Amino acid sequence: MPETLRHILASESPQSAITVRGWVRTKRESKSCAFLEVTDGSCFRGLQAVVDATLPSAALLSKVLTGASVEIVGDLIESPAAGQKWELQATELRLLGEADASYPLQKKGHTPEFLRTIAHLRPRTNLFSNVFRVRSRMAYAVHRFFQERGFFYVHTPIITSSDCEGAGELFRVTTLKQGSPEKPEEDFFGQPTYLTVSGQLQGETFACALGNIYTFGPTFRAENSNTARHAAEFWMIEPEMAFCDLFADMTMAEEQVKYLVDAMLTECPEELEFFNKFVDKELVNRLKQTLEKPFERISYTDAVDLLLKSGKSFEHPVVWGEGLQTEHERYIAEEHVKGPVTIYNYPKSIKPFYMRQNDDGKTVAAMDLLVPGIGEIIGGSQREERLDVLRAAMGHHGLSEEDYSWYVDLRRYGSVPHAGYGLGFERLLMFVTGVSNIRDVIPFARTPGHAAY
RNA sequence: UCCUGAGUAGCUCAGCGGUAGAGCGGGUGGCUGUUAACCACUAGGUCGUAGGUUCGAACCCUACCUCAGGAGCCA
């Protein structure tokens with residue numbers, strides 16, 4: 001493998017006769033020479049190549065427009081001008097792939113809305129190359145966090161027949177033709193199947209065998225949600241821990257968010273500087289504040305109290321027993337706490353059947369971690385491990401034990417207290433980059449009406 | 001799905017009843033090292049689509065489409 005710009009730019013001393021391959025970002029021409037800014041994607045910065053007008057290959061310059069791919073041989077020298085430490089004094093320029101005048105990216109800024117229409121070219125821009133380098137680093141940090149703590153990575157199914165009740169609308173998976181007289185039992189799997197909305201239920205079975213496990217993979221929601229925070233296909237991180245209660249669960253969630261924020265601060269400094277300058281000027285401050293102190297914890301009941309006493313007039317009334325609205329969550333995270341906050345012990349009527357019922361009979365051991373600007377980034381709970389209580393909850397939710405017999409079996413054979421949560425990977429990326437639209441942290445976003453590429 | 005706003009050159013926008021504009025990007029020429037280079041010239045448009053009002057519509061009205069912001073649902 002030839003050296004990438006990431007290594008070349010970190011060079012300690014000049015080098016002669018090196019080869020650089022990449023894409024032209026800008027060209028600045030004057031009479032005696034031309035300056036080509038070349039990037040290869042390996043890092044944010046590019047390398048300035050100086051092509052003297054007397055070089056034989058300088059004749060190619062008229063065809064080297066923004067977006068063209070080039071191979072340049074030359075000497076890495078200290079740049080005599082301000083703006084960069086190193087530059088490449090070219091001895092030979094080769095045009096690998098022309099980009100004609102219709103190339104849509106120019107050196108001036110583009111709006112994210114326009115760039116979404118050219119998702120195949122936007123990773124060549126500053127913003128998106130930074131976003132997707134960070135996405136890769138963060139995915140690695142997610143695995144590192146769990147692997148360092150002895151968690152096992154479990155690949156839960158993407159096609160599933162269980163609908164993880166309460167997690168939203170599902171996409172149907174079928175080989176039956178539309179309008180076909182065939183019945184579901186004649187379908188490929190012999191029963192209705194869907195794209196998974198969560199690996200949690202299957203994850204629980206592995207936690208009740210391997211101890212601590214996590215999943216990290218794509219999940220799907222067929223909700224007609226049109227917001228900057230929802231996508232039909234997104235990646236979720238779902239740890240599940242045996243012998244774990246709600247408070248240990250909350251501690252784990254906090255530890256993970258801090259670990260990932262720290263990874264952003266220490267491993268992606270160039271990208272972070274860019275985001276802080278061009279995307280969100282408060283980003284670095286906010287990330288540093290996240291690490292400073294323990295996340296506040298407020299019970300749902302106390303949260304309702306403080307909302308009622310806030311003196312704020314909310315569009316939606318604050319009522320114990322109803323879900324917290326976005327405006328309520330924003331007030332708590334952004335005005336009351338001014339930082340990440342975990343709300344726990346929600347009314348059981350608004351939560352799914354598998355959450356553990358508390359002794360008060362009214363609430364379940366659920367928790368949501370809210371962060372300023374984004375809202376819910378993590379949702380989790382301690383799971384109901386008592387056979388009779390779980391059966392009763394399933395009855396209340398109108399679920400048949402037959403459909404979940406394997407899930408109920410976990411409570412029948414060696415049941416243990418266990419807990420877990422789901423962290424939306426894209427929401428985490430929005431938090432650490434400051435990018436405000438989920439469509440801009442996914443390589444090819446799937447939202448209602450949009451599945452191009 | 002609901003509410004609000006916006007669609008004018010490849011991109012970002014100005015024009016808001018009376019001959020379609022600028023910057024960037026492209027082309028040509030100039031400039032002794034530029035940094036979103038600079039200077040001059042130049043090409044580039046069914047003003048989202050379809051109706052309507054008017055002597056006259058990019059501009060006013062209606063519908064639809066698309067996008068954005070907010071809400072619901074949630075991660």
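Note that the structure is a prediction, hence the values are computed from the model and not measured. Residue numbers start from 1 in every chain, and the chains themselves are labelled A, B, ... in the order their sequence lines are given, proteins ahead of strands.
rU19(B): no Watson-Crick or G-U partner with both key distances under 3.5 Å is found in any strand. When Watson-Crick and G-U wobble pairs are counted only if both distances are under 3.5 Å, rC41(B) pairs with rG27(B). Across all strands shown, rU4(B) pairs with rA68(B); the Watson-Crick or G-U wobble distances both stay below 3.5 Å. Remark: rC60(B) base-pairs with rG52(B). Criterion, Watson-Crick or G-U wobble with two distances under 3.5 Å.
Under the stacking definition used here (centres under 5.5 Å, planes under 30°), the residue Phe425(A) fails to qualify as stacked on the base of rA75(B).
As rounded to whole Å, 11 Å separates atom P of rA36(B) from atom CG of Asn126(A).
For rC73(B), one of the phosphate oxygens OP1 or OP2 lies less than 4.0 angstrom from a side-chain nitrogen or oxygen of Gln325(A).
Stacking of Arg144(A) on the aromatic ring of Tyr140(A) is recorded, both the 6.0 Å distance cut-off and the 45° axial limit being met.
Between His328(A) and His316(A), the two ring planes are perpendicular [angle over 60°; tilted spans 30° to 60°]. Ring pair Phe353(A)/Tyr407(A) is perpendicular by interplanar angle, where above 60° counts as perpendicular and below 30° as parallel.
Judged by distance alone, with hydrogens and angles left aside, His230(A) brings a side-chain donor or acceptor within reach of the base of rC74(B), the pair sitting under 3.5 Å.
Residue contacts for Phe114(A): at a heavy-atom cut-off of 4.0 Å it reaches the sugar-phosphate backbone alone, with no base atom in range. Nucleic acid contact class of Gln84(A) (heavy atoms, under 4.0 Å, all strands): base.
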- Message: Counting primed atoms plus P, OP1 and OP2 as sugar-phosphate and everything else as base, spell out the protein contacts along nucleotides 24-32 of chain B at 4.0 Å heavy-atom distance: B, S or - for each nucleotide, 5' to 3'.
- Response: BSSS---BS
Dump every N/O contact between nucleotides 68-70 of chain B and the protein below 3.5 Å, one line per pair.
unit_1, atom_1, unit_2, atom_2, d
rA68(B), OP1, Arg116(A), NH1, 2.5

Would you tabulate the pairs of protein nitrogen or oxygen atoms and nucleotide nitrogen or oxygen atoms of nucleotides 41-46 of chain B closer than 3.5 angstrom?
none

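Side-chain atoms of Glu87(A) lie closest to rG33(B) of the nucleotides rG33(B), rA37(B), rU1(B). In this structure, of rU34(B), rC74(B), rC73(B), it is rU34(B) that holds the atom nearest to the side chain of Gln48(A).
The same atom, C1', is picked in rG51(B) and in rA20(B); the two are 24 Å apart, to the nearest Å. Comparing rG44(B) with rU53(B), their P atoms are spaced 35 Å from each other, to the whole Å.
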